[in-house]
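Report on one structure; see the data block that follows.
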Amino acid sequence: MTVRPLDLDIAIYRDRIQVTDRATQAFVDQRADFRFSTDASIVAQPRFLEDTIVRAIRKILEGGFILRQPIAHVVACERPLSEEERGTVRSALREAGMREIVFDL
């Protein structure tokens with residue numbers, strides 16, 4: 001078993017996220033059980049966004065990994081994120097266990 005850092009690409013869409021593990025290229029398309037988007041905002045419900053992120057990460061993890069400095073790269077979004085929405089995404093990713101969040105939009 002190879003131990004590796006957790007380094008993920010995150011794409012956010014209306015009530016759906018996609019997560020790709022950069023090391024293994026494992027991919028998950030996770031629909032929200034509870035809607036986190038509204039007509040006005042892609043990330044209106046941070047708690048439900050966090051729930052969706054956590055469920056996707058659980059599905060994608062295989063083998064050993066290091067949670068010392070997990071990194072999430074937000075690489076796509078259905079539409080541009082406002083500063084407030086970026087803060088919401090950042091907070092949800094931190095609550096899901098990510099320590100470094102990079103917006104590569």
Side-chain angles (χ1 to χ4, degrees):
M1 173 171 65
T2 303
V3 177
R4 59 187 169 74
L6 187 58
D7 193 0
L8 306 174
D9 283 343
I10 309 284
I12 303 169
Y13 301 98
R14 194 163 302 285
D15 296 321
R16 185 176 117 235
I17 65 165
Q18 294 177 338
V19 177
T20 304
D21 185 321
R22 287 180 158 209
T24 65
Q25 294 303 304
F27 172 81
V28 171
D29 184 4
Q30 182 69 51
R31 293 199 178 277
D33 282 348
F34 304 100
R35 297 189 64 202
F36 60 78
S37 301
T38 63
D39 291 340
S41 176
I42 218 83
V43 291
Q45 298 293 328
R47 190 174 103 227
F48 299 149
L49 173 62
E50 177 192 343
D51 174 71
T52 307
I53 291 167
V54 168
R55 287 186 301 107
I57 291 172
R58 283 183 189 150
K59 286 183 181 178
I60 211 162
L61 293 179
E62 294 178 2
F65 57 92
I66 300 170
L67 282 179
R68 185 171 168 217
Q69 274 296 71
I71 302 169
H73 300 264
V74 180
V75 296
C77 190
E78 187 172 307
R79 63 182 182 152
L81 293 170
S82 69
E83 284 305 312
E84 181 179 340
E85 290 172 323
R86 281 180 184 239
T88 300
V89 169
R90 189 175 289 110
S91 176
L93 287 166
R94 286 200 192 285
E95 289 296 320
M98 298 293 108
R99 292 297 158 244
E100 185 176 341
I101 294 104
V102 179
F103 286 90
D104 293 332
L105 299 171

Does any part of the side chain of V43, heavy atoms only, come nearer than 4.5 Å to the side chain of R86, both counted from C-beta? no
If we ignore hydrogens and angles and just use 3.5 Å, is the side chain of D104 paired with the main-chain N or O of V75 as donor and acceptor? no
R16 versus D29, closest heavy-atom pair with distance: NE-OD1, 2.8 Å
So which heavy atom on D21 is nearest to which on I60, and how close? N-CD1, 3.5 Å
Could you state the interatomic distance from NZ (K59) to CD1 (I57), rounded to the nearest 0.5 Å? 12.5 Å
If I take atom CD from residue Q18 and atom CZ from residue R31, how far apart are they, to the nearest 0.5 angstrom? 9.5 Å
Atom of G97, atom of P70 and distance for their closest heavy-atom approach: O-CG, 3.1 Å
Minimum side-chain heavy-atom gap Q25-T20 below 4.5 Å: yes
Side chain to side chain, V74 and L93, heavy atoms closer than 4.5 Å: yes
Using the test side-chain contact (heavy atoms from CB on, under 4.5 Å), find all partners of D39 that sit at least two apart in sequence or belong to another chain. none
Would you say V89 ends up clustered with V102 if hydrophobic residues are merged whenever their side chains have heavy atoms under 4.5 Å apart, either directly or through other cluster members? no
Looking only at heavy atoms, what is the nearest atom pair of E100 and R94, with distance? N-NH1, 4.5 Å
Decide yes or no on side chain to side chain contact (heavy atoms under 4.5 Å, CB included) for D7 and H73, but give the supporting numbers first. CA-CA 8 Å; D7 193 0; H73 300 264; 2.9 Å; yes
Distance check, rounded to the nearest 0.5 Å: E95 atom CD versus E50 atom CD? 5.0 Å
Starting at OG of S37, measure out to CG of D15 and round the result to the nearest 0.5 Å. 4.0 Å
Can you check whether T38's main-chain N or O pairs, donor with acceptor, with R14's side chain at less than 3.5 Å? yes
Whether the side chain of T88 engages the backbone of P46 through a donor-acceptor N/O pair (distance < 3.5 Å, no angle test) should be reported. no
Heavy-atom donor-acceptor pair, R35 side chain to Q45 backbone, under 3.5 Å: no
Salt-bridge test for D51 and R47: reply yes if a basic N is under 4.0 Å from a carboxylate O, no otherwise. no
Shortest non-hydrogen pair, V19 vs A56, comes out as CG2-CB, 3.7 Å
Taking the side chain as every heavy atom from C-beta outward, state whether M98 and I10 have any atom pair closer than 4.5 Å. no
Exercise: identify the closest heavy-atom pair between S41 and R79: CA-NH2, 3.0 Å
Which pairs pass ring pair (Phe, Tyr, Trp, His ring centres under 6.0 Å) with one or both residues in residues 7-46, sequence neighbours excluded? F34-F48
E84 atom CD, over 12 foreign heavy atoms within 6.0 Å: no
Nearest 0.5 Å please: distance from the CG atom of L49 over to the CD1 atom of I42. 10.5 Å
